[in-house]
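These notes are about the structure you will find just below.
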Amino acid sequence: MDTAMNRRRFDAAFVVQVIGIAAFAYFFFGFMLLPCLNTLTSIFNVTNAAGERDPLAVIRFFFAGNMGRYVWNSLKLAICLVITVNVVGVSIVLLTEYFDIKGARILRLGYMTTMIYSGVALVTGYLFLYASDGILTTALTHAFPQFNASWFSGFNAVLFTMTFACTSNHALFLRNAIRGIDYNTVEAARNMGAKPFKVLRKVVFPTLVPTMFSLTVMTFITGLCAMSAPTLLGYDSINPEIVRLAGSSTADESFPQARAALLSIILALFTIVLLTVLSAYERKGHYLSVSKTKARLQKQKITNPVWNALAHIYAYILFIIYMTPVVMIVIFSFQTYGAIRMKKLDLSNWTLVNFFGTQDYQYLTSRGTYKVRKGSISGLFANEATLGGIKMSFVLSILAAALACLIVVIACNYIFKTRNKKMGIVLEYCLLFPWLLPTILICYSYRTYFNTDAIWYVGNTNLYFAENVRILLVLAYTVVKLPFSLRMIKASFYAIDNELEDAARNMGASGLVTFLKVKLPIILPSVLAVFALNFNALFTEYDMSATFASSYGTSYAMVIQAMCREEGLYGYNVNASGRRCASTVFIMLVSGLILYLVYGVGARDLGERLEAKERRRRRLERLSGVFHKKTAGQSPSGTTGGEK
Amino acid sequence: MIRLNDIVVKFGDFTALHGINVHVKEGEFFTFLGPSGCGKTTTLRTITGFIEPAAGTVVVKGRDITHVPIEDRNIGIVFQSYALFPTMTVYDNIAFGLKVKKVKKSEIDQKVRQIAKKVDLSDEQLAKAVSQLSGGQQQRVAIARALVTGPAIICMDEPLSNLDAKLRVQLRNELKKMQKDFGITTIYVTHDQEEALTLSDRIAVFNKGVIEQIGTPNEVYNHSQTEFVCNFIGDINRLNDDTVAALKAAGAAVDGSRHNYIRLERLHVNVAPRGGELTLDGTVENCEYYGLYIKYYIHIGSQTLKVIEKNDGVNIYEPGQQVKVVLNPGDIMAYNAPAEVE
């Protein structure tokens, strides 16, 4: 009987496993591999002007025409970005963590603002300040009439913006690496006669090299795949060109789709090579502290007064660069459209209209009469288009973030449980596959591959048509977030002691109960953190929705981007700049809240949560005790007074 | 109570257990002792059902449970790491098994509080997270959790191995007391011979997937049946050919063709030999001071013998000092040469 019972259990588990594998295979082949392979083959599936098939036409075009310019521009940006980001990134970490700089805590907060403020929001913020009609540029041209008002455009503007936008990883990972240094090694070097800068060069830097190498590769890929900054600041790099070509037709230019495919494949090749190099480097192993009793790093005083003063000046200049856009945007989000248009702070006139409510706009027509445009001034949560973008991004991001977490949790549970290790490895690599591909390749592939009703496995439905594009967006968001989710959630699965599972089984819990009651609560904080971080990244995502370029899938970031060019046209959207500022403030609040929930509340274990609960209870008791005492003392016929 | 009959466990081509036969009596504290990788945990996991044997049977109270699912075996386990669920409170940890069995809430509450009282856990501690408890308290939670469902047997897999030396001794005593109080049949796995000797009613000494000896602590220590057991349990001197020859010359009946061993505490320094005892001349090479006793390294002929003497504060010998080592040839344990340990 026991054997029969076991067999039944085995059969049920086997059926669930087969269904799971089939579903995953459908997802992997249908939405990861086939669309990308289609993009690859489309490069060679070209007909020339004579109507003949010419597989190498695009390749020839690439070498003959100016397509190489886009690749070179992207490479140039990536190379320069590696230098500038590393210089600024290493500087901010050393200035706040290694050297004794006054006000380091405040500086750190300033340097970390890019964590709650990035992508389109950051680029538009910089535009708000530095564009030809930006606040700072206007102020500078007033002060110095010879000043070139168009200084903030093209390569320099992209490099400047991205340099400060891409230091978040340094602020996180390099900071952790420098904090992991055993201070005894620094003391030992000093004891042996090394000067502070020699210690920095010979003891501290070598331990940071592995982290810096990873950051360098990631920065290079970021530069190569840059989208929002080149698009908004006007720089001809690969990604904006792919989006442009994807929206073009053969009537306008030669085989635009195949050219877009070629560019995205080139981008993918670069990414694959770089990630292979990174993986090979990581496999070589890293520096590991052998210290059993690690001493906490002490901040180093710069003894030379000149160097010390220069370091302080440098630190605060960087702080100003980081903080100015944030402060200006927050301030101007509460200013009227008039103040924003005049680029002048009006301290007597603050408003919430950029956030809430609507106002009418009265303007002078060319006939000399005044006209009123009803509701032309509208707040972030009152403007239909903006609210639509927020809603769209909110729903799509939540769905995709949840879907990515769900897929990865199920996959990890299988990977860690299966005795078939090879199957587990295959599954893991399949989930990491999108990591090798630039997001634009995935989105472009979806856009072209599913723009037909001939794909049988999606029910012969054109997924790029009308509202269906939202399904594609959710799928693309999900696929893109799978590698990150896998890396994070898999790490949390390692925290599950095998004995916990054995203990649960021993006490009679089924596989499902063990998963739900024992394993899931352990990994839940990590899963929720990944969900929140995925949501945070997708909520303000621009690159993918811009690649789809569909009016049915207009994301919040696209709405923000659109605000840059629609302000005040014919009396519409009069306060678009104000709403743009308000949008950035809203994004900062959402991101800040998510980061607080993830790294603040979410990082606590049950013990810490219970302790916090206990502290709250005691505080409440103390408060109510004080309150009771007061009320008893105030009461004219109080018994307390009588007893006294 | 528990019978393991010819248990064979294989992992691929590797045979982990080669026909294990054990009989554990009701209420007994039975220990599986052996070095790492000898098969003791594999045997325990076979009893608990985590491993299915390739051959042989596991019989509990006359019922063959070899193929019975883990959850239906009615065996409680205390894991090496305690395996307490970190996301649950102490109360929920203890109540888990009862909840899974869908016991009524009121009954769960009653049983949890009852067992908590028995293992000395307060109501306040029940409301805490397991991470807020000390190592000793965590162990009590693990025992309470294993016992609350009323198992017939409790299995413990090196439950003291994660603790520091002082706490180990303290908890060892508590563990023994609890086992006696509950009167439950206990199977205990450890590689620590001191733990095994102090806790167990009987010990099975494992080596390379076979049981070398089953016996009481006294039998295993003083009458080790195999050379491995004699070597593994306690510290011991192996007498070399020169020492054996010297003993023979002094009139001892020692077989030089066998491997001869003598325990450290069976050797005495500078005492008057009693009936049948022999004396060997030696020089103190080194001494280690342990407080309660002193360990001497005494050079005799061509070998150094270790000797333990009670620290009486008077008879203390310095390195270089000439001493006389006294032993009773009857205390020598001899084993046939082919059984030599690698």
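On a predicted model such as this, the values are computed, not experimentally measured, just so you know.
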> Could you state the interatomic distance from OG1 (B:Thr48) to CG (A:Asp502), rounded to the nearest 0.5 Å?
Replying inline: 8.0 Å

> Rounded to the nearest 0.5 Å, how far apart are CZ of B:Phe79 and CG of A:Asp497?
Replying inline: 9.0 Å

Non-hydrogen atoms of chain A under 4.5 Å away: do they reach the side chain of [X], the backbone, both or neither?
X        : answer
B:Leu98  : neither
B:Ala146 : neither
B:Lys128 : backbone
B:Arg73  : neither

Can you establish whether the number of heavy atoms outside [X] located under 6.0 Å from its atom [atom1] is more than 12?
X        : atom1 : value
A:Phe394 : CZ    : no
B:Lys101 : NZ    : yes
B:Arg168 : CZ    : yes
B:Glu124 : CD    : no
A:Arg105 : CZ    : no

Could you tell me which non-hydrogen atom of [X] sits nearest to which non-hydrogen atom of [Y], and how far apart they are?
X        : Y        : result
A:Leu500 : B:Phe85  : O-CE2, 3.5 Å
A:Lys517 : B:Met88  : O-CE, 3.3 Å
A:Leu610 : B:Thr89  : CD1-CG2, 4.2 Å
B:Arg145 : A:Ala503 : NH2-CB, 3.5 Å
B:Val100 : A:Met507 : CG1-O, 3.7 Å

> Does A:Val518 reach the side chain of B:Phe96, with side-chain heavy atoms less than 4.5 Å apart?
Replying inline: yes

>> For a 4.5 angstrom cut-off between non-hydrogen side-chain atoms, does A:Arg505 reach B:Ile70?
In response: yes

> Counting only N and O atoms by type, is there a donor-acceptor contact under 3.5 Å from the side chain of A:Glu499 to the main-chain atoms of B:Ser81?
Replying inline: yes

> What part of A:Glu501 lies closer than 4.5 angstrom to a heavy atom of chain B: side chain, backbone, both or neither?
Replying inline: neither

